[in-house]
Participant: 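Please read through the structure below; I'll follow up with questions.
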Amino acid sequence: MSMFCFQCQEAAKGIGCTVKGTCGKEADLANLMDVLMFTCKGVSIWANRLRENGEEDDEVNRYILNSLFTTITNANFDKQAIVERTREGIQLRLRLEKRLEEKGVTMNKAELPECATWNGYTVDEMERKAQDVGILNTENEDIRSLRELVVYGVKGIAAYAEHADNLGHKNSEIHKFIQHALEATTDDSLSVDDLINLVMETGKHGVDVMALLDKANTSAYGNPEITKVNIGVRNNPGILISGHDLRDMEDLLKQTEGTGVDVYTHSEMLSANYYPAFKKYDHFVGNYGNSWWKQNEEFETFNGPILFTTNCIVPPKKKNTYNDRVYTTGSSGFEGWKHIPERENGGMKDFSEIIEHAKKCDPPQEIENGEIVGGFAHNQVMQLADKVVDAVKSGAIKRFFVMAGCDGRFKSREYYTEFAEQLPEDTVILTAGCAKYRYNKLQLGDIGGIPRVLDAGQCNDSYSLAVIAMNLQKAFGLDNLNDLPITYNIAWYEQKAVIVLLALLYLGVKDIHLGPTLPAFLSSNVANVLVEKFGIAGIGEPKEDVEMFMAE
Ligand code: SF4
Ligand code: SF3
């Protein structure tokens, strides 16, 4: 076995990637990421002691967010970036040690886990270390499963916290929790029950971070509103922006204004089209293409430069025409692609090189045309609340289906298209995340003017769906969220979906169906706990599932 990773839904054979990732991650990169995680745990241990002694370190907080985000599936394929992050972590840790000493706090290093004292600067040292810090080094499979469930949830929290942080919204409790959770995964004294409690706490912080990001996005860019998004093209050169970071979107739109270069969104950036602050730009044309895994074809026909602000990156095929037109920024990275550095002193990122590049490119080739409708985040849906409540009371809407989450490349995901097609006409899909691309271009119609697919936005906007559910609960005077006519049929791929799931569990949502397969990192005992405590289940055949849910 040259590596081991089972953090996403596409883990090889539903067990784990051991030779190379299905995502394209090579073994050496996977191993270096294990070492980076190990380093982050060590940094957290010292940061936690400093915090207990009254000091919070902003640089460490930011470092942990960014490093965790970097190791999310499909975010970063740049080995050198991972090596540098690891070195930076060791430096930070040494600085924390010194700071504690200055405060007169001494720690017995012999009692600390190795991650808190380890110094390995060379790539060789890191690669050697990888052999004893990987996931499988936790021998008990239930403890391993719970530790990884927490780690993946915390990676999701870090991603959302980083987006909020980029907009100046911070919550020190979230940093405190992330670092506490990372330390807890090194503590051999914690029992299965302790770790289950930690999983629930992770869900609580998932709710908090999604609320924080919702506030950050809406206070900066307004509340998403119902929008018809153009999916065709215009005759100017364009830049395609992918990922989830709205601050990058803002910087790009500002800098492209008046340059003759158009801007299009790809995959999860689609929801930028719903924000008033972005809609006002004439050169913001719409969305090009589909979800992340189609990028190999869609980047070919786009013709212009592409900017990744976060995951999901698919390594290009050997023969491609776009390798020299892809740029990354933030936590994303890919060896050989140009990386745009961070903002300095609160200014903008400098996208001038991408804009100059675009000017030399042909306009995008049209691959489809027409419009899709979205923008149904909580504020907009609540403006329609009376209409929605009436439709439920009159029986015009029988059931809602929360189908949020991720898309992926496996054929088994056709289930979601068929499921959406099979749903009776008196049902409404509530969605968020790139899972929507499996059904957002079907002509599913509307119910008295309410579209049958209500897209709230990105995966983090699943928070909006929870807010909508809680408001409906109030409107119907129900004691329990689970008494609403809502079925949760969630698709997952990467670790942000893990935090969305844990957040829903924390809010008390029961009987969530998770597909297309259950996570490889759930041991059978941990899976049983989720089944018994929360009624978590997998998926079956679309037609039978629809019938089963409608009979509820
Ligand atoms: Fe495999 Fe997913 Fe890990 Fe990539 S992230 S190596 S596909 S389990
Ligand atoms: Fe999609 Fe990557 Fe998860 Fe943000 S873009 S939902 S998979």
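Please read these numbers as outputs of a predicted model, since none were measured by experiment. Order of appearance sets the numbers: ligands from 1, and atoms from 1 within every ligand.
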Participant: Run down the list Ala520, Cys8, Cys17, Ala11 and name the one with the heavy atom closest to atom 1 (Fe) of ligand 1.
Facilitator: Cys17
Participant: Considering only heavy atoms, does Lys25 approach ligand 1 within less than 4.0 Å through its side chain, its backbone, both, or neither?
Facilitator: side chain
Participant: List the closest protein heavy-atom neighbour of atom 2 (Fe) of ligand 2: residue, atom name, distance to the nearest 0.1 Å.
Facilitator: Cys312 SG, 2.2 Å
Participant: Need the ligand 1 atom indices (1-based, order shown) with element for anything under 4.0 Å from a heavy-atom of Thr73.
Facilitator: 5 (S)
Participant: Here's a test for you: under side-chain hydrogen bond (donor to acceptor under 3.5 Å, both in side chains), which of Gln495, Gln7, Glu494 qualifies with Lys155?
Facilitator: Gln7
Participant: Less than 4.0 Å between a side-chain N and a carboxylate O, is that true for Arg409 and Glu10?
Facilitator: yes
Participant: Evaluate side-chain contact (heavy atoms from CB on, under 4.5 Å) for Glu141 paired with Asn525, printing each intermediate quantity in order.
Facilitator: CA-CA 9 Å; Glu141 70 162 348; Asn525 287 330; 5.7 Å; no
Participant: Where is the tightest heavy-atom contact between Lys441 and Ile231, given as atom of each residue plus distance?
Facilitator: CE-CD1, 4.3 Å
Participant: Any Lys/Arg nitrogen of Asp251 or Lys349 sitting under 4.0 Å from an Asp/Glu carboxylate oxygen of the other?
Facilitator: no
Participant: Among protein heavy atoms, which sits nearest to atom 6 (S) of ligand 1, and what does the distance come to when rounded to 0.1 Å?
Facilitator: Gly21 CA, 3.4 Å
Participant: With atoms numbered from 1 as shown, which atoms in ligand 1 lie under 4.0 angstrom from a non-hydrogen atom of Phe6?
Facilitator: 8 (S)
Participant: Is the distance from atom 2 (Fe) of ligand 2 to some N, O or S atom of Cys434 under 2.8 Å?
Facilitator: no
Participant: Give me the residue, atom name and distance of the protein heavy atom closest to atom 3 (Fe) of ligand 2.
Facilitator: Glu494 OE2, 2.2 Å
Participant: Going by the order shown, which atoms of ligand 2 are within less than 4.0 Å of some heavy atom of Cys459?
Facilitator: 4 (Fe), 6 (S)
Participant: Could you tell me whether Lys79 and Glu26 have a side-chain N and a carboxylate O separated by less than 4.0 Å?
Facilitator: no
Participant: Would you say the side chain of Cys8 lies within less than 4.5 Å of the side chain of Tyr152, judging by non-hydrogen atoms?
Facilitator: no
Participant: For atom 8 (S) of ligand 1, what is the closest protein heavy atom, and at what distance to 0.1 Å?
Facilitator: Cys5 O, 3.3 Å
Participant: Examine the proximity of ligand 2 to Lys496 and report which part, side chain or backbone, both or neither, has a heavy atom under 4.0 Å away.
Facilitator: neither
Participant: I need the atoms of ligand 2 closer than 4.0 Å to a non-hydrogen atom of Tyr493, numbered in the order shown.
Facilitator: 7 (S)
Participant: Before accepting this row, confirm whether a basic side-chain N of the pair Lys204/Glu201 lies closer than 4.0 Å to the acidic partner's carboxylate O.
Facilitator: no
Participant: Around atom 7 (S) of ligand 1, find the nearest protein heavy atom and jot down its residue, atom name and distance.
Facilitator: Cys23 N, 3.3 Å
Participant: Any atoms of ligand 1 less than 4.0 Å from a non-hydrogen atom of Met3? List them with their elements.
Facilitator: 6 (S)
Participant: My understanding is that we take every heavy atom of each candidate and find the minimum distance to atom 5 (S) of ligand 2. Doing that for Glu268, Gln495, Gln9, which one comes out nearest?
Facilitator: Glu268
Participant: Taking the basic N atoms (NZ, or NE/NH1/NH2) and the acidic carboxylate oxygens, is any pair closer than 4.0 Å for Asp248 and Arg343?
Facilitator: yes
Participant: Parallel, tilted or perpendicular: which describes the rings of Phe177 and His205, with under 30° parallel and over 60° perpendicular?
Facilitator: parallel
